[in-house]
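Accompanying notes for the structure given below.
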Amino acid sequence: MSLEGTKIVLTGGAGGNGALVAHELRSLGANVLVVDRLDPPPADVGYIQGDLSTMSGICAVADKVRLAAPDMLINLAGAQYFGPAEDQSSAHVHAGYMVNLLAPVLLTQAVLPVMKRRASGQIVNIGSIFGSINYPHFATYSSAKAGLRGYSEALRRELHGSGIGVTYIAPRAVRTGLNNALVMRFAELAKMHMDEPEAVARRIVRAIHERKADVFIGFPERFFVRVNALLPRLVDAVLSAQTTKARKLFTS
């Protein structure tokens, strides 16, 4: 699928991994409209400023995205919490589910009518390996990404034959500003594989270009996604040592 001249709305596209994805898309000739909360994007992309962590913010962005009538929507914006489940504030829980799950659903609703009229389009949801291997101390993040994976699969089945594709992409851990010092310390203790953002951005754009259905980035994580689906108690045992290491971070 050629991206030349394609109008793309990209959430979270002004900084970090999002800016790299926007650059890759622009290099292929796409017209990119970035949605972000704070940072202005590069001069060669359009910009919608909006806060996807509140219902009013999502609705305001959805109205603008609907008017933009894009050929493609990429839901990349994300929010992460690492720590004991009981320590996450109610405000952070709310914002996390808003950004990671509710915003992609409502923005998708905003663009589907015009895509259906054209009988063409693509919805791209950026999830996480943690949405398939539900990870301790990332409980709300994992569960929101699991919901996004389920939504993507259900929507793909619903839209079959409509000309609209649904792509779900699940990176493993990425070295971005989303990770605070505690996450990086845990990744070091757990010997967690972390990919460079430039490589992940290229992989995301390749999956979009090829209109893939489901893409899970990284090995052995792809393997453990399958194991977790079939033998979750085995994965419990594998993760127990990492869980113990994480607990020590919060009790030291």
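A heavy-atom distance below 4.5 Å is found between the side chains of Phe216 and Tyr168. Looking at heavy atoms from C-beta onward, Asp71 lies out of side-chain contact with Ser120 at the 4.5 angstrom threshold. Using a 4.5 Å heavy-atom cutoff, the side chains of Phe130 and Phe138 are in contact. Put simply, the side chain of Val205 reaches to within 4.5 Å of the side chain of Val21, judged on heavy atoms. Two residues are said to be in side-chain contact when any heavy atoms from C-beta on lie closer than 4.5 Å; Val114 and Arg118 meet this criterion. Proximity of Tyr151 to Thr108: side-chain heavy atoms (C-beta onward) are separated by under 4.5 Å at one or more points. Residues Asp214 and Arg156 have side chains in contact (heavy-atom distance under 4.5 Å, counting atoms from C-beta outward). Residues Lys116 and Leu159 form a side-chain contact, since some pair of their non-hydrogen atoms from C-beta on lies under 4.5 Å apart.
For the residue pair Asn125 and Ser152, a side-chain donor N or O sits within less than 3.5 Å of a side-chain acceptor on the partner. Side chains of Arg149 and Ser132: a donor on one and an acceptor on the other come within 3.5 Å.
Across Ala22 and Gly13, no two heavy atoms sit closer than the pair CB-O, 4.1 Å. Minimum interatomic distance between Val111 and Pro70 (heavy atoms only, all atoms of both residues): CG1-CG, 3.8 Å. When all heavy atoms of Ser2 and Thr6 are compared, the closest pair comes out as O-OG1, 3.7 Å. Across all their heavy atoms, Ala110 and Ala62 have their closest contact at CB-O, 3.7 Å. The minimum heavy-atom distance linking Ala207 with Val215 is given by the pair CB-CG2, 3.7 Å. What you find for Ala30 and Arg26 is that their closest heavy atoms are O-NH1, 3.0 Å.
Although no hydrogens or angles enter the test, the distance criterion places a donor-acceptor pair under 3.5 Å between the side chain of Lys7 and the main chain of Ala68. Although no hydrogens or angles enter the test, the distance criterion places no donor-acceptor pair under 3.5 Å between the side chain of Lys145 and the main chain of Asn134. Between the Asp36 side chain and the Ala14 main chain, a donor and an acceptor come within less than 3.5 Å of each other. Without hydrogens or angle criteria, Ser142 side chain to Gly131 main chain gives no donor-acceptor distance under 3.5 Å.
Rounding to the nearest 0.5 Å gives a distance of 4.0 Å between CD of Gln122 and OG1 of Thr167. Rounded to the nearest 0.5 Å, atoms CD1 (Ile126) and CG (Leu148) are 9.0 Å apart. Summarising the geometry, atom CG belonging to Leu25 is positioned 4.5 Å from atom CD1 belonging to Ile8; distances are rounded to the nearest 0.5 Å. Rounding to the nearest 0.5 Å places CD1 of Ile217 at 6.5 Å from CD1 of Ile169. Here Arg226 contributes atom CZ and Leu231 contributes atom CG; the two are 13.5 Å apart, rounded to the nearest 0.5 Å. We find the CE-CZ distance between Met115 and Arg117 to be 11.5 Å, quoted to the nearest 0.5 Å.
Partners of Gln49 by side chain to side chain contact (heavy atoms under 4.5 Å, CB included), not counting sequence neighbours, listed by chain and number: Tyr47. Among residues two or more places apart in sequence or in another chain, the side chain to side chain contact (heavy atoms under 4.5 Å, CB included) test is passed with Asp51 by Arg37, Ser53, Thr54. With sequence neighbours excluded, no residue satisfies ring pair (Phe, Tyr, Trp, His ring centres under 6.0 Å) with His209.
Leu20 and Ile204 fall into different hydrophobic clusters, where Ile, Leu, Val, Met, Phe, Trp and Tyr side chains are chained together by heavy-atom contacts under 4.5 Å. Criterion: ILVMFWY side-chain heavy atoms under 4.5 Å apart, direct or through other members. Under it, Tyr97 and Val99 are not part of a common hydrophobic cluster. A continuous path of ILVMFWY side-chain contacts below 4.5 Å connects Leu107 to Leu155, so both sit in one hydrophobic cluster. No continuous path of hydrophobic side-chain contacts links Leu67 to Val65 [ILVMFWY only; heavy atoms under 4.5 Å]. Using a 4.5 Å cut-off between side-chain heavy atoms of Ile, Leu, Val, Met, Phe, Trp and Tyr, with links allowed through other members, Val61 and Ile58 fall into the same hydrophobic cluster.
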Exercise for review: Please assess Val124 against Leu73 for the test side chain to side chain contact (heavy atoms under 4.5 Å, CB included), listing each intermediate value before the final yes or no.
Suggested key: CA-CA 6 Å; Val124 181; Leu73 169 66; over 6 Å; no
Practice item. Check the pair Met72 / Ile208 against side chain to side chain contact (heavy atoms under 4.5 Å, CB included), numbers first and verdict last. Key: CA-CA 10 Å; Met72 184 186 301; Ile208 292 168; 3.5 Å; yes
Exercise for review: Would you check, one step at a time, whether the test side chain to side chain contact (heavy atoms under 4.5 Å, CB included) holds for Tyr141 with Asn100?
Suggested key: CA-CA 8 Å; Tyr141 180 75; Asn100 293 324; 3.8 Å; yes
Point to revise | Stepwise side chain to side chain contact (heavy atoms under 4.5 Å, CB included) check, Ile133 with Leu239 | key: CA-CA 10 Å; Ile133 306 171; Leu239 291 180; 4.2 Å; yes
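Using a cutoff of 4.0 Å between basic side-chain nitrogens and carboxylate oxygens, Glu198 and Arg202 are not scored as salt-bridged.
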